[in-house]
Each structure stands twice: as C-alpha cells, then as structure tokens.
Amino acid sequence: MTMKYILDRRYRLRGWHKLPTGVYDAQKHTAQFFTPEYYRLLLRCDAAHDIDPDTLPEKQRAFLAGLQADGVIRPAGWLDFLLPEQHYKAYPARYRREAHWSITGECNFRCAHCFMSAPSGKHGSPSHEELIRVADMLAQCGVFRVGLTGGEPLIRADFVALLDALREREIAVSTLYTNGWLVDEHLLDELEKREMHPQFQLSFDGVGWHDFLRGVPGAEERTLSALRLLHERGYRTAVSFCLHRKNAHTLRETIRLLASLGVSSVKTGSMMELGEWAREEVRELQLTPAEEQEIFEHYIPQYFEDDAPLSLMLGGSFVYTPGDSAWSIFNERRCPEEDEGTMLSCGVLAHSFYIGADGLVCPCMGMADCGFTDHFPSLEKTPLSAILTDSDLITYEYATVGDIRSRNEKCRRCRFVDRCTGGCRNAALIAGDDYYGIDPAMCAFFENGWDQRIRDAAQPAFEAYLKRNPPRSNGEKKPDIEMQC
C-alpha cells in the first residue's frame, strides 16, 4: 500500500566532507551515516513522496522498517511537513562528534603536576569575542558537542554567557572538566535554566593527599562537597585519579569513598613529563611502570571483593563496568596484519579533537604542550573548516596501525605485534617527539608479561564476584559511561 513517511522532528538530514549521507540526532548530538542507496530512500521520507514498501527490494524494505522501529521516521499525517532545520545541509569539514575545548589556560589552583602549566597561565586566556569566534566555527563545521575544560573553566566571568552562546548555536556541553571549587547551587541552577545537564569530570588524588598536589588548602574538602552536591542534584560524575608514590596506598579507600558519593567512573593516570610535571621535585613522585603495575595487581582483587562499586580504568591494564559479563585489558587491542591498513592507532581521535586556549588544534589535550606542537595547526592562521578537511591534524588523527608498524622498526619486529596497536601517541611524543614512535609503557606491559599477571590477579576474584552479582541480561541498559584514554 502506498503511503507517505516523514523524518521525526529530532532528526536532521546532514552531510560532512567525505560523509555526505548523514542523519543528525538533535537530542543525542550524534550522527549516523548510510549508503547512498539507502539515503536516497530516506530523502523521500519528507511527507511529500509516496512510498510503497511492498514494491521495494527486500533490503530496502527492511531498512525502511528498521527506521520506523527506531523512531527515525513515522507515517506522515495530512498536515505534516519537514521543519526548515530538517532539510539537507552539508558542512565544509569532516565529521567530528566532539571538541575538547580549553576556554582558558588559567586556574585558581596551583597544581604541582599540571601538564598545561595553568598556575603560570602559560597558554593565556582568550577574550569572550575569541570564544564566540570559535563557537561560530564549530557550528559552521557541524561540531555540535563540546567538553569544556581549562585551566579551570569556571573562573571565567563570562562562563554563563558562553553557555548561552553555545545554546544559541545548538552546541551541547557533554562534559564539564573542573576542579570543583566553584561548583555550587547557583551554577547548577544556571545550567538547568538552559536545559543543560553535562557530566562533570573532576580530579581527586587520594584521601588525605588531594591538597598536596593541588596547592590550595581545603581543595579536598571542596572537591568532595562538589561531588556530593552533584550527586544530590542528579548529575553524572567521573573522577581522574593521579597515582604517585605518596598516594598509591589510598587507592582502595579512595574508590570506596568516591563510590559512596555517587561517582560513576574512575580513571587512574600516571604523571607525564610535560609542563609542571617535568620539574625535578615532581618527577620524584612518579611511579615506574613496574611499580604502577604491582599496585594494580594488588588492588584488582580488592575491587571485586568490594563488589565493583563503580566503573574503573586502571591505566591501560584493566577496565570494567559493573554488570558486564567480562572485564578487559585496554592495552590489548588485537590487530592482525590484514587489518593494519584500516584500523586506527587510536579509536578516540577519529571522533574528537582538542582546541587549546591559545588556538592550537591537536589530536588530544596531552599533546598541547609537547615538543611536537609546531606540527599542529592553529586557529589564528587557519580556519577550522580547513583544519577539519585536509591538514596535518587529519593525517595524524587517521594514523593507522599499519602506519605505526611501517615507520617504527621496533613495532614492526615485535613478537607481540598482533596484540598491540602501538600504544598511546601522546606517550610516544613524550618519549621521543616521534608521532609514530613507541609507547615505552606499552612495550613494557607486553615484554614483561604483565597482561598475564593481570589475568592471574583478576580472574579468580572476578568469578567470585559474578557468583554474587550475575551480569546484566541482554535486555538491560548498560550505563552510558565513556572512558577515554
């Protein structure tokens, strides 16, 4: 039977450079893409064209039924029409789901280990007009999701005005990275007035040791108070935990405390020799990869004994989300030789990029202060549309496992080559200013058999945990937790 269909009002027809056949979800702020054959069928779902599903080829009929089942389209009524914003629009850039954006390089803390050197304001702080210019460029390129960071983003007097500017451009704030000092009822009221409900990402560096790194008395109390308030107000929170020699013994106590405050995920990281972290007195705090590994092996059974109170990522050694039927080793990404030309060396970089307070555009925030920055473009010289279309940034973000192996003799000859995708590109830059170089911590992980030691430590405790906490059934919704490296 012939009938008319229409795109649901939350969806918009969009295209990006080399991905012209997209549908953008204005609620989730993400896009999905279809083949030209299916997209032509979708374009007819405009309440004006007649479609007879019975006359369509079987695959197209199934595609149409799938769109309807997913709520992307529905049968059109007599007065239905596409809204102006739903009509097809092409953006002059490659698709990127999100920008990680430093809106200031300054901070109200004096963190001893700040790799952005925010205590000295090394990267400056853009004017409000400069922020609006960046917001305009993001909208023009079809980037409609940002994570706001700094320095400390909440010290900006124009922070609420920036939220309004982003909302006017339909750019969602997915994550707010903050030290928590300025998180209060007023801030949350202002967010909710604008129907914004981002995840909050805070740092917490161990019970009794947070002030030690942060350089401000009372930082620990204010951070914990912020986490309590956010939990009470229904905001999802995640925490980064910088492990060092003085706070490593607090890992179990700290995770128990954070779980009691409603924190959904914790990611541990180690120090890198960048910015303030490169100072001699701070380097003395840095754990060796072997020391860090021993800490993980000791703690993982305790984590499962505590019934996995939150999602956890221990460096690259261990990842688990409560309710899952398996845990994993983040470092272990298998890539056989036949796939090395298509598998990206970093899965995160294909979806996001970083904009610094000084206008630098690079693959991730950790690369903003390394000796390789001359290879990355700047918004002061190049429009974002050009950067996201054809630039060195794109070359680096799309680096494949094959690129790493072909340009790096150690990786090419490594006996663990099929279990490793080369490691972190930021770590490679720190180790030797070579984007295609080795990640020393990744090499140590496999060469020392730490993957097997993690399995030996984790699996018995995990099996006991599963007996007490059976995994979710397939029909249960997995928590929407994004744990980036």
Side-chain angles (χ1 to χ4, degrees), residues 115 242-243 267-275 277-278 283 286-297 313-319 328-350 353-354 362-376 392-455 484-485:
F115 67 88
C242 181
L243 282 174
K267 177 183 67 174
T268 70
S270 55
M271 295 182 173
M272 298 180 292
E273 293 187 13
L274 291 172
W277 285 11
R283 285 207 305 268
Q286 187 169 353
L287 295 162
T288 67
E291 290 171 331
E292 191 175 68
Q293 181 71 17
E294 289 177 3
I295 292 166
F296 295 162
E297 290 173 27
M313 183 174 186
L314 297 174
S317 298
F318 174 86
V319 180
S328 63
I329 295 174
F330 186 82
N331 283 343
E332 193 169 61
R333 293 177 65 215
R334 294 186 178 272
C335 180
E337 185 176 357
E338 59 267 25
D339 295 334
E340 67 178 21
T342 55
M343 179 179 282
L344 298 181
S345 64
C346 178
V348 174
L349 301 184
F353 62 100
Y354 172 73
C362 60
C364 75
M365 189 176 188
M367 298 180 187
D369 203 30
C370 65
F372 202 74
T373 53
D374 288 346
H375 292 77
F376 301 130
D392 287 344
L393 175 79
I394 298 299
T395 301
Y396 293 124
E397 287 191 326
Y398 280 112
T400 65
V401 177
D403 291 330
I404 307 301
R405 293 175 181 173
S406 66
R407 302 189 189 200
N408 182 316
E409 184 175 355
K410 181 172 183 179
C411 288
R412 188 167 60 252
R413 297 175 180 271
C414 181
R415 60 195 172 101
F416 303 107
V417 67
D418 63 332
R419 299 163 57 191
C420 169
T421 57
C424 174
R425 295 303 88 208
N426 188 30
L429 287 176
I430 294 170
D433 281 342
D434 181 1
Y435 192 88
Y436 301 97
I438 66 166
D439 173 350
M442 181 72 83
C443 295
F445 184 81
F446 287 107
E447 290 170 356
N448 292 300
W450 291 342
D451 54 329
Q452 187 57 51
R453 284 168 49 179
I454 287 289
R455 289 187 178 89
Q484 298 186 348
C485 63

J.: When you compare the side chain of Glu294 with that of Arg453, does any pair of heavy atoms fall below 4.5 Å?
T.: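 Yes, close enough: below the 4.5 Å cut-off.
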J.: What is the minimum heavy-atom distance between Ser317 and Gln293, and which atoms define it?
T.: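 Minimum heavy-atom contact is OG-OE1, 3.2 Å.
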J.: Within the side chain of Asn408, is there an N or O that forms a donor-acceptor pair under 3.5 Å with the backbone of Ile404?
T.: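 No, Asn408 side chain to Ile404 backbone: no donor-acceptor pair under 3.5 Å.
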J.: For Cys362 versus Leu393, what's the shortest heavy-atom pair and its separation?
T.: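 Heavy atoms of Cys362 and Leu393 come nearest at C-CD1, 3.4 Å.
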J.: Do you know which two heavy atoms are closest between Ile295 and Leu287, and how far apart they sit?
T.: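 Ile295 and Leu287 have their closest heavy atoms at CD1-CD1, 3.7 Å.
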J.: Sub-3.5 Å donor-acceptor pair from the side chain of Asn331 to the main-chain atoms of Met442, do we have one?
T.: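 Pair absent, no side-chain N/O of Asn331 close to backbone of Met442.
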J.: Give, for atom CD of Glu292 and atom OG1 of Thr268, the distance between the pair rounded to the nearest 0.5 Å.
T.: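 One gets 6.0 Å once the value is rounded to the nearest 0.5 Å.
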J.: Main chain of Val417, side chain of Arg405: is a donor-acceptor contact present, judged purely on distance under 3.5 Å?
T.: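 Yes; at least one donor-acceptor contact below 3.5 Å.
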J.: Which pair of non-hydrogen atoms, one from Ile454 and one from Glu297, has the smallest distance, and what is that distance?
T.: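 Nearest pair, atom of Ile454 first, then Glu297: CD1-CG, 4.1 Å.
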J.: Does some side-chain heavy atom of Ile430 sit less than 4.5 Å from a side-chain heavy atom of Asn426?
T.: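 Yes - at least one pair of side-chain heavy atoms lies under 4.5 Å apart.
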J.: Strictly distance-based, threshold 3.5 Å: is any side-chain N or O of Arg333 a donor or acceptor partner for the main-chain N or O of Gly422?
T.: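 No; zero donor-acceptor contacts below 3.5 Å.
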J.: So, does Arg412 use its side chain to make a donor-acceptor pair with the main chain of Ser406 at under 3.5 Å?
T.: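 Answer holds: yes.
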J.: Got a second to check how far Tyr436's OH is from Ser345's OG, nearest 0.5 Å?
T.: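 Spacing of OH (Tyr436) from OG (Ser345) equals 8.0 Å.
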J.: Of the non-hydrogen atoms in Ala427 and Pro440, which two are nearest, and what is the gap between them?
T.: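 Shortest heavy-atom separation between Ala427 and Pro440 comes out as O-CD, 4.3 Å.
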J.: Give a yes or no on whether the ring-centroid distance for Tyr396 and Phe372 is below 6.0 angstrom.
T.: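 Yes, close enough.
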J.: Kindly compute the distance separating CD (Glu338) from CE (Met343), expressed to the nearest 0.5 Å.
T.: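 Going from the CD atom of Glu338 to the CE atom of Met343 covers 10.5 Å.
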J.: Supply the atom-to-atom distance Arg413 CZ to Cys411 SG, rounded to the nearest 0.5 angstrom.
T.: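 Here the rounded value is 12.5 Å.
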J.: Please confirm whether the backbone N or O of Cys424 pairs with a side-chain atom of Asp439, one donor and one acceptor, at under 3.5 Å?
T.: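 The answer is yes, because a donor-acceptor pair under 3.5 Å joins these two groups.
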J.: Counting C-beta onward and ignoring hydrogens, is there a side-chain heavy-atom pair between Arg455 and Ile329 closer than 4.5 Å?
T.: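 Counting from C-beta outward, Arg455 and Ile329 do come under 4.5 Å.
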J.: Considering only heavy atoms from C-beta outward, does the side chain of Phe446 approach that of Cys414 to under 4.5 Å?
T.: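 They are not in side-chain contact.
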J.: Closer than 3.5 angstrom, by distance alone: can the side chain of Thr400 be matched with the main-chain N or O of Thr342 as a donor-acceptor pair?
T.: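 No: the side chain of Thr400 does not pair with the backbone of Thr342.
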J.: Determine whether a donor-acceptor pair (N or O, by modelled atom type, separation under 3.5 Å) exists between the side chain of Gln452 and the backbone of Gly449.
T.: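 No; judged by distance alone, with no hydrogens or angles, the pair does not exist.
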J.: Which pair of non-hydrogen atoms, one from Gly437 and one from Ala428, has the smallest distance, and what is that distance?
T.: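 Shortest heavy-atom separation between Gly437 and Ala428 comes out as O-CB, 3.5 Å.
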J.: What distance separates Asp418 CG from Arg334 CZ, expressed to the nearest 0.5 Å?
T.: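 Output value for this atom pair is 6.0 Å.
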J.: So if I apply the side chain to side chain contact (heavy atoms under 4.5 Å, CB included) rule between Pro363 and each of Tyr354, Tyr435, Tyr398, Phe353, which one comes out positive?
T.: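 Checked Tyr354, Tyr435, Tyr398, Phe353 against Pro363; only one passes side chain to side chain contact (heavy atoms under 4.5 Å, CB included): Tyr435.
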